[in-house]
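A short write-up of the structure that comes next.
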Amino acid sequence: MAGKFDKQADFYLNGRPTYPTEWYSMLAALTPHHSLAWDVGTGNGQAAIGIAEHYEQVVGTDVSEAQLKFAMPHPRIRYLHTPLSITDDELVALIGGENSVDLITVATAIHWFELPKFYSLVTRLLRKPGGVIAVWAYKGIVVSPIFDSIIKRFYDTTLPYWDQKIKSVFDDYKTLPFPFESVGIGCEGKPQQLDIPKEVSFEKFLNMLRSWSAVNTAKDQGVDLLSESVVKELESAWGGPTLIRSITYKGFMLAGKVKL
């Protein structure tokens with residue numbers, strides 16, 4: 001995933017949705033201790049900020065220095081750049097040591113990870129018993145019947161440019177390996193569906209599209225998927241550039257604990 005979102009880090013900050021505060025309350029209620037949380041693939045810290053309301057210390061890590069430059073400061077969050085060259089032992093020590101982490105979160109990023117390596121780290125770091133790992137993402141976006149049909153047509157134009165690793169997002173993480181014991185929020189093969197309602201301007205929605213890795217991969221290959229005509233069509237179906245719309249991102253989550 002290193003470098004995957006470096007170029008569009010500003011669009012990522014200004015376009016990607018934050019997650020409902022209720023999600024963090026729900027996860028915090030699952031862990032008996034609230035000393036340390038690790039937000040992996042933290043990006044600009046949009047999940048770490050919510051987690052910090054419930055845990056004494058949050059460590060937010062990312063392989064992208066460009067993303068971390070946009071990370072939102074918080075007195076209980078420590079942001080760390082973790083290059084791919086870092087060893088597992090170094091990372092474990094950096095986070096807090098084995099059996100030290102109460103909650104591990106991965107927001108819309110785990111599909112980029114080398115899963116066996118990551119899950120080995122999770123097993124070492126999570127507090128046992130009591131520690132929880134939660135991973136989530138979102139895919140579908142519901143705006144209005146007219147707009148939804150147009151965005152579906154746009155989405156189809158992006159399909160040749162997505163990395164194969166994102167396949168598990170396309171099927172709502174149903175095929176994502178998740179070898180942990182369920183804690184009541186989804187289980188391997190059956191993620192829990194969760195809505196993300198938002199009030200969004202057209203510019204913010206457009207920034208989300210601009211942040212898509214497929215859009216930027218296409219641009220690198222000389223294909224402008226968000227041409228002026230496409231943007232105009234989307235804007236018209238939205239209802240104009242100044243309209244704030246109530247929309248719903250369709251999310252999904254898996255949470256679990258280490259099997260003892």
Side-chain angles (χ1 to χ4, degrees), residues 1-5 23-24 27-28 30-43 45 47-48 51 55-65 67-68 77-137 163-169 171-192 213 252-260:
M1 182 174 135
K4 182 67 71 173
F5 296 97
W23 290 15
Y24 305 118
L27 294 173
L30 295 174
T31 66
H33 303 281
H34 299 87
S35 299
L36 178 62
W38 177 28
D39 186 43
V40 198
T42 196
I51 297 160
Y55 291 83
E56 294 171 17
Q57 184 185 10
V58 178
V59 179
T61 62
D62 208 291
V63 298
S64 170
E65 287 185 283
Q67 283 277 357
L68 288 171
I77 301 176
R78 182 164 52 108
Y79 292 110
L80 299 172
H81 176 231
T82 49
L84 294 176
S85 58
I86 194 170
T87 69
D88 287 0
D89 287 344
E90 288 171 336
L91 187 55
V92 167
L94 195 63
I95 301 305
E98 296 197 6
N99 205 43
S100 67
V101 181
D102 300 304
L103 177 68
I104 295 176
T105 54
V106 190
T108 316
I110 197 170
H111 42 277
W112 300 113
F113 293 2
E114 184 184 330
L115 291 180
K117 175 184 174 71
F118 174 62
Y119 286 154
S120 174
L121 286 167
V122 169
T123 300
R124 292 176 64 181
L125 280 161
L126 270 185
R127 188 192 291 263
K128 294 171 282 291
V132 168
I133 174 175
V135 305
W136 65 84
D163 190 297
Q164 283 299 305
K165 288 183 177 180
I166 210 165
K167 179 182 179 294
S168 61
V169 177
D171 61 23
D172 299 354
Y173 280 177
K174 290 186 179 76
T175 58
L176 181 79
F178 194 72
F180 300 97
E181 185 179 334
S182 176
V183 291
I185 303 175
C187 62
E188 186 174 55
K190 295 181 180 179
Q192 182 166 325
S213 58
F252 38 91
M253 181 183 290
L254 291 161
K257 59 185 179 180
V258 174
K259 297 176 180 177
L260 299 177

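Sequence positions, counted from 1, serve as the residue numbers for this chain. What's counted below: heavy atoms across the whole structure, side chains too, no hydrogens, waters or symmetry copies.
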Output the distance between atom [atom1] ([X]) and atom [atom2] ([Y]), rounded to the nearest 0.5 Å.
X    : Y    : atom1 : atom2 : answer
K190 : L254 : NZ    : CG    : 12.5 Å
D39  : I77  : CG    : CD1   : 8.0 Å
T175 : H111 : OG1   : NE2   : 11.5 Å
L91  : T61  : CG    : OG1   : 6.5 Å
L115 : S168 : CG    : OG    : 8.0 Å
K257 : T31  : NZ    : OG1   : 12.5 Å

For [X] against [Y], the heavy-atom pair lying closest together:
X    : Y    : value
G45  : Y79  : CA-OH, 3.6 Å
C187 : S182 : CB-CB, 4.0 Å
M253 : W23  : CE-CE3, 3.6 Å
R124 : D88  : NH1-CB, 3.9 Å
V92  : L125 : O-CD2, 3.8 Å
I51  : A37  : CG2-CB, 3.6 Å

Taking the side chain as every heavy atom from C-beta outward, state whether [X] and [Y] have any atom pair closer than 4.5 Å.
X    : Y    : value
I110 : V40  : no
V63  : W112 : no
S100 : R127 : no
L103 : T105 : yes
D102 : V132 : no
W38  : V58  : no

Judged by modelled atom types alone, do D62 and T42 share a side-chain donor-acceptor pair under 3.5 Å?
no

Can you list the steps and then say if L126 with N99 is a side-chain contact (heavy atoms from CB on, under 4.5 Å)?
CA-CA 5 Å; L126 270 185; N99 205 43; over 6 Å; no

Would you find a donor on one side and an acceptor on the other, under 3.5 Å apart, between the side chain of Q57 and the backbone of L36?
no

Under 3.5 Å donor-acceptor, H81 side chain and S64 backbone
no

Among all residues two or more places apart in sequence or in another chain, which pass the salt bridge (charged side-chain N to carboxylate O under 4.0 Å, His left out) test with K174?
D172

Relative to each other, are the rings of F252 and Y173 parallel, tilted or perpendicular (30° and 60° limits)?
perpendicular

What verdict does the side-chain contact (heavy atoms from CB on, under 4.5 Å) test give for L30 and I185, after you've listed the backbone C-alpha separation in whole Å, the side-chain angles of each residue and the deciding distance to 0.1 Å?
CA-CA 10 Å; L30 295 174; I185 303 175; 3.6 Å; yes

With a 6.0 Å cut-off on the ring centroids, do Y119 and F180 count as close?
yes

Report the C-alpha separation of E90 and T87 in whole Å, then their side-chain angles, then the decisive distance to 0.1 Å, and conclude whether the side chain to side chain donor-acceptor pair (under 3.5 Å) test is met.
CA-CA 5 Å; E90 288 171 336; T87 69; 3.3 Å; yes

